[in-house]
Amino acid sequence: MPVKRLFAFKGTLSNASIQHRLKYLITAALVALVFYLAILNRQWAHLENVFHFETSHNIPPSTSNHTIHKLAQDAQVQFKQLLGKRPVSLEQAASRYRERRGRHPPPGFDTWFLAAQETDAIVVEDFFDRIYHDINPFWALDPARLRRMIKDEQHYIRVRDGKAWFVSDHLELRQPWVQRWTELVEEMMPNLPDLDMVLNVMDETRVLVPWEEITKYVTEEQRQRDIFHPSKAITDYTKYQDEPSDKDEPPIKVKWIEGEQHQYWDHYRVTCPPGTPGHNMSSLETLDRSPSYPTQPLPFTTDGFIQNFTASTDPCLQPHIRGMHGTFIESVSMSTTHSLFPIFGGCKLPGNNEILIPAGMILDSYDLFSGGESHGGEWAMKKNELVWRGVASGGRHKDANWWGFQRLRFIQMMNGTTVSHLEAGEDVAPTFSLSELGEYQTQAQRNNSLGKWVSSFSDAAFVAFECFPRQEDGLCSYLDPYMELRNSIHMKEQYDYKFLPDIDGNSYSGRFRAFMRSTSLVLKSTIYTEWHDDRLIPWVHFVPFDNTFVDIYTIIEYYLRHDAEAHRIAEEGREWSEKVMRREDMKLYVWRLLLEYARVMDPAREKLAFVEDLKD
Ligand SMILES: *[C@@H]1O[C@H](CO)[C@@H](O)[C@H](O)[C@H]1NC(C)=O
Ligand SMILES: *[C@@H]1O[C@H](CO)[C@@H](O)[C@H](O)[C@H]1NC(C)=O
Ligand SMILES: *[C@@H]1O[C@H](CO)[C@@H](O)[C@H](O)[C@H]1NC(C)=O
Ligand SMILES: *[C@@H]1O[C@H](CO)[C@@H](O)[C@H](O)[C@H]1NC(C)=O
Ligand SMILES: *[C@@H]1O[C@H](CO)[C@@H](O)[C@H](O)[C@H]1NC(C)=O
């Protein structure tokens, strides 16, 4: 544009020689500009090498002005900024820590940072924000009291004198992932101080501290922050047997509220800030035979697409989800408390107060969840289609509530036959409503051929129904008219499809990491938070979609039409997850978390600090 405008001046100059000179000047300026840009470009390339990040995918810039395209562009900028924050030395890492956390790092930080460097891990301080979100409230409770709270627990990993092992008084209750967690902690030995780590062995999430209380705790933690003089620092954690309260004082029992699986929403909403729509809405008494979609645009969307993925997981901002997610309709089991209690779990809802660690199933090398060594072939060789296979989990669905469950909704929406029947005016899909998709209309829906179009790309089905009550034959009388079971498809074969959607089950979905590491495009909707949330950027590494799924058709239509953009996200997601979601990265995350945990549980915690970098 500017160049064109410059030449437009030509006609207004009367003197030919001036015109001639001007041409030379402009040419010279252009040449200089080209050189300058080339140098800038080289510098940028050099910077990217420093961050061990190469934008190897020369995917041509798209001229689309679609909201999805803009969201992806903004996310790219955010991602570049994040990479610029990578520290190169222990001193820098410790200084970033003090800046962001308002404290000295915990003792052992140096060994941890060294291990991170040795495994070539990308350590950006922001990647660990989740740890502080989870741990900080515990600074408001007395450490001796905290130790007494976990004293009488049933399932925990114990660390003493540089050795780790699992303790349980209910061997038959033992979940496979407990084994995986213990192995991970063992790998950090002998670098961890003494600790006991209570584990959530249930599928469901647990602790729900009321908003007012947790806010008080968080404020108290901020008040206590202090970067004291290095000479005052203590560098050895207190051994458990040295602490009298560990031996003599009786345990403090936490009151777990059990049963009443359909009441979880009422327990949950006490965590919602006053003023959020969820705060004042009670559980649904009955579930209408068609879902209640939100009537207002959701605050975390732009033109209807997820703009803030973190907020999009928050049930407080979307109370309609209490009728559209199994967790709130009726979970398989429930055991919750409103007291802050230190328990570790693989996922949680944003309002839960568990301490997050990588979910056990993703630590498993079991092929079903990981796809083994295979990550799929070339993008161009894949089918232009979507695939999903899984269990109809999500909670206890029954004759009177099944249409609210997320996976059942997804399977119906991805069934072209069902959608065609709906278009013909038949009442065949109580799980969703086409008229709710008004503003999201795809070309196919405007043509009244949505069902036909869905059939052209979708292969989604259950491999098991998990009815309640369970039927002997594995079938499900109330689902029979609407859906059928299909054979499972091995993860390796799912990678032959371009689109891999991921939907919550009883809690988080165990496939996500394997999907991310594949060469296919991951589409994700969830109300759960996980350890990796701060290191993945939606629209750069995966495509987010809303928990009601109203946007899913439009998103698929967009990426079927913009194949290069889909390819780019698939590739960026794969490359990045191989850098920041490796087993080493999970180990480093838990290692650092456990240093913080051991410190907050330590009677001498105020002065426990790593300060070596500050000494001359
Ligand atoms: C995209 O551009 C077209 C024409 O250039 C315009 O009509 C349309 O409103 C734009 N859409 C958005 C989402 O900005
Ligand atoms: C709504 O929340 C406020 C503040 O917590 C409370 O005082 C009020 O009673 C609630 N109203 C209803 C209808 O639950
Ligand atoms: C996204 O939402 C989260 C949670 O609601 C909020 O803390 C954060 O500030 C939001 N981010 C942006 C960029 O608005
Ligand atoms: C919609 O209908 C038009 C005109 O009949 C047709 O050209 C187009 O291919 C159809 N599009 C879809 C997605 O069905
Ligand atoms: C798709 O829907 C039809 C009826 O609408 C049903 O007969 C069929 O079993 C469904 N397919 C799957 C895979 O669930």
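By convention here, the first residue in the shown sequence is residue 1. As the structure lists them, so they are numbered: ligands from 1, and atoms in each ligand from 1.
Ring geometry for Trp402 versus Tyr482: interplanar angle of 30 to 60°, hence tilted. Tyr440 and Phe305 have perpendicular rings, their planes meeting at more than 60° on a 0 to 90° scale where under 30° would count as parallel. Taking the six-membered ring where tryptophan is involved, the planes of Phe328 and Tyr264 are essentially parallel, since the angle between them stays under 30° and well short of 60°.
With hydrogens and angles ignored, the 3.5 Å screen pairs a side-chain donor or acceptor of Glu354 with a backbone N or O of Val207.
Every atom of ligand 5 is numbered from 1 in the order shown, and the set under 4.0 Å from a heavy atom of Ala461 is 13 (C). Numbered from 1 in the order shown, with element, the atoms of ligand 5 that lie under 4.0 Å from a heavy atom of His421 read 5 (O).
Of all the heavy atoms of Tyr482, the ones lying under 4.0 Å from any atom of ligand 5 belong exclusively to the backbone.
In this model, a donor atom of one side chain and an acceptor atom of the other lie less than 3.5 Å apart for Gln76 and Glu572. A donor-acceptor pair shorter than 3.5 Å can be found between the side chains of Glu213 and Tyr217.
Of the N or O atoms in Thr418, one or more lie within a sub-3.5 Å distance of an N or O in ligand 5. Below 3.5 Å of separation, one finds an N or O of Glu484 facing an N or O of ligand 5. Between Thr310 and ligand 3, a contact under 3.5 Å exists for no N or O pair.
The nearest protein atom to atom 10 (C) of ligand 3, hydrogens excluded, is given as Asn308 ND2, 2.4 Å; this is a heavy-atom distance.
Checked against the 6.0 Å centroid threshold, His338 and His267 count as a close aromatic pair.
Relative to atom 8 (C) of ligand 5, the option among Ile411, Thr417, Asn415, Leu479 with the closest non-hydrogen atom is Asn415.
Protein non-hydrogen atoms do reach within 4.0 Å of atom 5 (O) of ligand 3.
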